[in-house]
Asks: 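Take this structure, written in structure tokens, and hold onto it; I'll ask about it next.
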Number of protein chains: 2
Amino acid sequence: MSRKSISFGGLSSLVGFHLRWASGEFALDFRTSLEGTGMRQVLVGILAIVQANPGINQGGVGKALGIKRANMVSLINELVQRGAIGRTETPQDRRAFALKLTEEGEALLADCLARIAEHEQRLLWRLTALEQQLLVDLLSRIGPRPA
Amino acid sequence: MSRKSISFGGLSSLVGFHLRWASGEFALDFRTSLEGTGMRQVLVGILAIVQANPGINQGGVGKALGIKRANMVSLINELVQRGAIGRTETPQDRRAFALKLTEEGEALLADCLARIAEHEQRLLWRLTALEQQLLVDLLSRIGPRPA
DNA sequence: TATTGTTATACTCTATAACTATA
DNA sequence: TATAGTTATAGAGTATAACAATA
């Protein structure tokens, strides 16, 4: 029982503060919505990128999602060992592997995306479909001025 | 030199994906904008909460920012040792400490907030003031249905 | 009994540097 | 010489459990 609610001071006018908070809420609910699948935000991201770009290599996936090469290794291994991603050597560049989803990976991604759709609407129920679209538009326009 | 740009597949329609990405952009630029001050997002958050609620205790700050009691200890210690926060015993509850900003802490927070204002406009230059306000409004309406 | 601050600890994420094999 | 994948490692951030002092 708190006697008076606390104030957020200068934080409440900062876009970054609200962004950080909303992102945290999403991450939290995302976790519980994928509970039991053994999947995490990054792993779903990787599956989606590989599905949309079959034959892509690790570096390409990491570049798209902002993950360092070194950190991609265990993530891809995790998905390969799980049978969600297939890794085949390519004759053009024998350093790299061509990645693609297995049937199991396709099914897994579909299951995740269905859960995620529910999860998103659970958090966005106060926004109309138009407002949700507007939010995506505003968010996608965030970023520093190109040099 | 990539021959064709990659696709984000099912991710591009997910609010959570754009949220995560935008939040990451903010976190990154935040860091560089506070470079040299030795401050981080959490520490600025704590200073702002203490300033707006003088006399608050560690638990209260943590509750406001979603930080566990155990993790507050070293954070508060860091700010006290730095001379930004004063910790005084209170007669009402001898378990807790009343926190408030020192003069040095006020100056530090002011400096950080000035840098943060620049940082925000650097990332939000594509949005009008009205759109920035709209974004905050949309973000603050995110969250699960109350039970 | 419940709460405040605390210690210890573990797990995830992220970042860097250095190695190998190919290009 | 540059790039793809890899290893090892270190630093944040975050989570739990348990304890002392106080309420």
Side-chain angles (χ1 to χ4, degrees), chain A residues 1-3 6 20-21 23-32 34-35 38-46 50 53 55-81 85 87-99, chain B residues 1-3 6 20-21 23-32 34-35 38-46 50 55-81 85-99:
Chain A
M1 289 289 162
S2 57
R3 292 226 258 112
I6 75 133
R20 183 182 152 107
W21 180 84
S23 189
E25 286 287 297
F26 259 75
L28 208 70
D29 190 80
F30 189 99
R31 273 200 171 187
T32 71
L34 288 207
E35 217 154 64
M39 292 291 286
R40 288 163 281 154
Q41 277 186 322
V42 218
L43 297 180
V44 175
I46 293 175
V50 171
N53 309 272
I56 196 175
N57 61 24
Q58 288 185 202
V61 177
K63 200 171 175 185
L65 295 175
I67 306 171
K68 294 271 185 306
R69 285 190 313 287
N71 297 328
M72 283 300 298
V73 181
S74 60
L75 294 171
I76 294 288
N77 282 344
E78 200 173 335
L79 290 169
V80 169
Q81 282 163 24
I85 280 188
R87 196 160 37 180
T88 54
E89 299 178 3
T90 114
Q92 308 104 283
D93 188 336
R94 288 181 16 240
R95 293 171 301 184
F97 297 102
L99 305 176
Chain B
M1 288 290 163
S2 56
R3 292 227 257 114
I6 75 132
R20 183 182 153 109
W21 181 83
S23 188
E25 286 287 296
F26 260 74
L28 208 71
D29 190 80
F30 189 100
R31 273 199 172 186
T32 71
L34 288 209
E35 217 154 64
M39 291 292 284
R40 288 164 281 153
Q41 278 186 323
V42 217
L43 297 180
V44 175
I46 293 174
V50 171
I56 196 174
N57 62 23
Q58 288 185 201
V61 177
K63 200 172 175 184
L65 294 175
I67 306 170
K68 295 270 185 306
R69 286 190 313 286
N71 297 327
M72 284 300 299
V73 181
S74 61
L75 295 170
I76 294 288
N77 282 345
E78 200 174 335
L79 290 169
V80 169
Q81 280 162 26
I85 280 189
R87 196 160 35 181
T88 55
E89 300 177 2
T90 114
Q92 309 104 282
D93 188 336
R94 288 180 18 241
R95 292 171 301 182
F97 298 102
L99 305 176

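Everything quoted here is computed from the prediction, not taken from an experiment. In the text below, chain A, chain B and the rest are named by the order of the sequence lines, each starting its count at 1.
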Asks: Measure distances between side-chain N and O atoms of A/R95 and base N and O atoms of D/dT3, and say whether any donor-acceptor pair falls under 3.5 Å.
Replies: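 Under the 3.5 Å cut-off, the side chain and the base do form a donor-acceptor pair.
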Asks: DNA chain D: A/R69 or A/R20, which has the more 5' nearest nucleotide?
Replies: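 Whichever sits nearer the 5' end wins; that is A/R69.
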Asks: Rounding to an integer number of Å, can you tell me how far B/L75 CG sits from D/dA12 P?
Replies: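 Going from CG in B/L75 over to P in D/dA12 covers 12 Å.
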Asks: Between C1' on C/dT9 and CG on B/N71, what's the gap in Å once rounded to a whole number?
Replies: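 Spelled out: CG on B/N71 to C1' on C/dT9 is 11 Å.
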Asks: Find the distance B/R40:CZ to D/dT14:P and express it as a whole number of Å.
Replies: 10 Å
Asks: Testing B/L79, B/V50, B/I46 one by one against B/L99 for a side-chain contact (heavy atoms from CB on, under 4.5 Å), which residue passes?
Replies: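 Exactly one pass, corresponding to B/V50.
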Asks: Could you check how far CD1 of A/I67 sits from C1' of C/dT16, rounded to whole Å?
Replies: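 Going from CD1 in A/I67 over to C1' in C/dT16 covers 17 Å.
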Asks: For A/D93 and for B/A70, locate the closest nucleotide of DNA chain C by heavy-atom distance; then report the residue assigned to the nucleotide nearer the 5' terminus.
Replies: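 Looking at DNA chain C, the more 5' nearest nucleotide goes with B/A70.
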Asks: Select one nucleotide: of C/dT4, C/dA15, C/dT6, the one nearest the side-chain heavy atoms of B/N57.
Replies: C/dT4
Asks: Could you check how far CG of A/L28 sits from P of D/dG13, rounded to whole Å?
Replies: 18 Å
Asks: Considering only D/dA23, C/dT6, C/dT4, which nucleotide approaches the side chain of B/R87 most closely?
Replies: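 Among the listed nucleotides, the one closest to the side chain of B/R87 is C/dT6.
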Asks: What is the separation between atom NZ on B/K68 and atom C1' on C/dT6, rounded to the nearest whole Å?
Replies: 16 Å
Asks: Return the value, rounded to whole Å, for the distance between atom CD1 of B/I76 and atom C1' of C/dT7.
Replies: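 About 17 Å, once rounded to whole Å.
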Asks: Can you name the closest pair of heavy atoms from B/F30 and B/R40 and give their distance?
Replies: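 What the structure gives for the nearest pair is CE2-C, 3.8 Å.
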Asks: Go through C/dC13, D/dG5, C/dT4 for me and flag the one nearest to the A/Q58 side chain.
Replies: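 Given the options C/dC13, D/dG5, C/dT4, the side chain of A/Q58 is closest to D/dG5.
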Asks: When rounded to the nearest 0.5 angstrom, what distance separates CD in A/Q81 from CD1 in A/I76?
Replies: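 Result: 11.5 Å between the selected atoms.
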Asks: A/N77 has an atom CG; how far is it from atom C1' of D/dA4, in whole Å?
Replies: 14 Å
Asks: Main chain of B/D29, side chain of B/T32: is a donor-acceptor contact present, judged purely on distance under 3.5 Å?
Replies: yes
Asks: With a cut-off of less than 4.0 Å, is there a side-chain N or O of B/R94 near OP1 or OP2 of D/dA23?
Replies: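 True: B/R94 side-chain N/O within range (under 4.0 Å) of D/dA23 OP1/OP2.
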Asks: Checking all strands, does A/Q92 fall into the base, sugar-phosphate, or nothing category for heavy-atom contacts under 4.0 angstrom?
Replies: sugar-phosphate
Asks: Roughly how far, to the nearest 0.5 Å, is CE of B/M72 from NZ of B/K63?
Replies: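 Interatomic distance, B/K63 NZ to B/M72 CE, rounded to 0.5 Å: 13.5 Å.
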Asks: Need to verify one output field. Residue with the more 5' nearest nucleotide on DNA chain D, A/R31 or A/V73?
Replies: A/V73
